[in-house]
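Below is one structure, written out as structure tokens; the observations come after it.
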Amino acid sequence: MNVTHLECALCGLHHEARKLHNLCVECGKPLLVRYDLRAAGRTLTPTSLKERESSLWRYRELLPVDNWNNVVSFGEGWTPLLNASKTSESLPLPLDLFIKDEGQNPTQSFKARGMAAAISMAKEFGVKKVAVPSAGNAAGAMAAYAARAGMEANIFMPSDTPRANIVECEQTGAKVTLVDGLITDCGKIIAERKEAEGWFDVSTLKEPYRVEGKKTMGYELAEQLNWELPDVILYPTGGGTGLIGMWKAFDEMEQLGWIASKRPKMVSVQSSTCAPIVRAFEKGERFADEFENAATVASGLRVPKAIGDFLILDAIRASGGTAVAVTDSELVAAVKEIGAAEGIFTAPEGAACLPALRKLIANGFIIGGEKVVIFNTGSGVKYLEAFD
Ligand SMILES: *Cc1c(COP(=O)(O)O)cnc(C)c1O
Ligand SMILES: [Zn+2]
């Protein structure tokens with residue numbers, strides 16, 4: 001609701017809202033949704049939220065769907081922000097540490113948020129067939145939402161994708177193709193075939209709405225912390241959709257008058273064997289080169305080239321944040337550490353934030369007494385092979 005237009009995130013070109021879009025027609029970069037925030041703020045207020053449903057659709061005035069009948073939902077979002085006091089006690093500094101547990105979403109990851117928005121919008125525009133390249137959880141989420149919407153789901157995944165992701169797609173009716181290669185190779189196949197097949201490409205940031213679904217993590221964080229953002233956010237970064245979305249949400253909330261200008265330091269966490277954002281951050285570059293021979297058991301982080309790289313890097317820098325790489329053995333070990341301390345069976349991607357946090361304490365980036373939020377982006381149940 002309240003969408004005024006779409007705006008290219010790089011060149012600023014405006015695109016008409018009530019039309020199906022992928023990338024900017026001028027420069028080929030992602031489009032972001034712009035709203036009439038004044039109109040949205042008339043009915044959506046911090047007080048009105050107290051009465052609303054426990055899903056991301058509580059922020060409906062700031063989501064793109066116009067006709068409510070088009071919403072495709074399993075009740076995604078409004079996940080708990082859990083304190084992690086036992087983990088915090090194991091650190092050399094006193095910290096106010098929280099885990100935003102996105103593993104509790106439908107299809108067990110925060111990909112549900114993005115797909116709920118993207119598939120609802122595809123339905124609004126009359127799309128019948130969708131396609132996505134995925135290294136794991138995006139596929140499972142898309143298969144589920146497409147099935148619920150009555151759409152044909154075409155999924156292209158690297159052949160070494162965790163087995164749970166392949167099986168869940170098959171069992172929810174998707175057409176699954178396994179590709180000998182990376183997510184970027186899967187994306188190329190879709191780009192080649194989509195026109196002839198009549199597929200709408202829902203690759204992350206190649207359509208404007210997945211980021212809108214994921215931005216609700218930023219709204220929830222503010223609401224759950226009583227409209228005061230934390231000092232630091234650690235975010236396991238693949239395509240960066242969630243980080244970009246939260247950064248957008250913070251701007252929208254400030255314009256709505258709900259929060260002040262203070263922003264959390266945004267920290268991008270990646271695997272040392274696929275760390276294009278960390279490398280570009282350290283080199284001072286705005287765009288990230290493709291990371292050769294990308295490999296990690298944290299399949300959601302295996303994105304060697306992200307189309308929204310400049311948006312991730314801009315947000316990290318504007319926030320005074322940083323980017324950190326951890327090894328696969330560090331992130332796998334952290335799953336058990338968090339699991340035993342907090343009882344949360346995290347995805348390896350989410351667990352990567354703990355060794356990253358330790359590094360940031362060791363190098364003095366994080367100081368005592370700060371409020372720190374770790375994003376556990378999915379559930380460990382999808383990655384059983386990683387614990388063999
Ligand atoms: C996709 C995924 C990520 C990366 O998310 P982006 O927002 O694309 O950076 C992290 N963790 C898990 C579990 C994922 O499925
Ligand atoms: Zn553009």
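Start at 1 and go down the list; that is how both ligands and their atoms are numbered. FYI, side chains are in, hydrogens and waters are out, and symmetry mates aren't considered; it's all heavy atoms of this structure. Start at 1 with the first residue, then count along the sequence.
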Nearest to [atom], what protein heavy atom do you find, and at what distance?
atom: atom 8 (O) of ligand 1; result: G239 N, 3.1 Å
atom: atom 7 (O) of ligand 1; result: Y235 OH, 2.4 Å
atom: atom 10 (C) of ligand 1; result: T377 OG1, 3.5 Å
atom: atom 5 (O) of ligand 1; result: F110 CZ, 3.2 Å

Practice task
Take the angle between the ring planes of Y219 and W258 and call it parallel below 30°, perpendicular above 60°, tilted in between.
Solution key: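 Y219 vs W258 ring planes: perpendicular.
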Exercise for the section: On the 0 to 90° scale, with breaks at 30° and 60°, tag the H21-H15 ring pair as parallel, tilted or perpendicular. Expected result: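 H21 and H15: perpendicular rings.
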Handout entry: same_hphob_cluster(V381, F74) at 4.5 Å side-chain heavy-atom cutoff
Key =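 V381 does not cluster with F74.
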Exercise for the section: Identify whether V176 and I183 are in the same connected component of the hydrophobic contact network (ILVMFWY, side-chain heavy atoms under 4.5 Å). Expected result: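 No.
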Regarding ligand 1, does [X] bring an N or O atom to under 3.5 Å of one of the ligand's N or O atoms?
X: G300; value: no
X: L243; value: no
X: T241; value: yes

4.0 Å heavy-atom contact, [X] with ligand 1:
X: P236; value: yes
X: A138; value: no
X: K214; value: yes
X: T237; value: yes

Residue [X] excluded, over 12 heavy atoms near [atom1] under 6.0 Å:
X: R38; atom1: CZ; result: no
X: N363; atom1: CG; result: yes
X: R163; atom1: CZ; result: no

Problem - Ring-ring centroid check W57 W78, cutoff 6.0 Å - result: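 No, they do not, as the ring centres are separated by 6.0 Å or more.
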Handout entry: Options E102, K111, R302, ranked by nearest heavy atom to atom 15 (O) of ligand 1, top entry
Key =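 Checking each option, the heavy atom nearest atom 15 (O) of ligand 1 is found in K111.
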Practice task
With the Zn ion (ligand 2) as the centre, enumerate protein N/O/S atoms below 2.8 Å in chain and residue order.
Solution key: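 Protein N/O/S atoms under 2.8 Å of the Zn ion (ligand 2): C8 SG, C11 SG, C24 SG, C27 SG.
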Problem - K175 with E170: basic N within carboxylate O range, under 4.0 Å - result: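 Salt bridge between K175 and E170, a charged N being under 4.0 Å from a carboxylate O: no.
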Practice task
Establish, for the pair K214 and F110, whether the NZ or CZ atom is under 6.0 angstrom from the six-membered ring centre and no further than 45 degrees off its axis.
Solution key: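 Yes, a cation-pi geometry.
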Practice task
Mark yes or no for whether R263, through its side chain, and S319, through its backbone, hold a donor-acceptor pair below 3.5 Å.
Solution key: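 It does not hold such a pair.
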Handout entry: Euclidean distance, W199 CH2 relative to I190 CD1, rounded to 0.5 Å
Key =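 Rounded to the nearest 0.5 Å, the CD1-CH2 separation comes to 6.5 Å.
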Exercise for the section: May I ask you to list the atoms of ligand 1 that are less than 4.0 angstrom from any heavy atom of Y383? Expected result: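 Taking each heavy atom of Y383 in turn, ligand 1 has 13 (C) under 4.0 Å.
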Handout entry: Structural part of F375 in contact with ligand 1, heavy atom criterion under 4.0 angstrom
Key =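 It is neither; nothing of F375 touches ligand 1.
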Exercise for the section: Start with the C-alpha distance between F387 and F345, add both sets of side-chain angles, then the distance that settles ring pair (Phe, Tyr, Trp, His ring centres under 6.0 Å), and finish with yes or no. Expected result: CA-CA 12 Å; F387 308 107; F345 184 17; 5.5 Å; yes
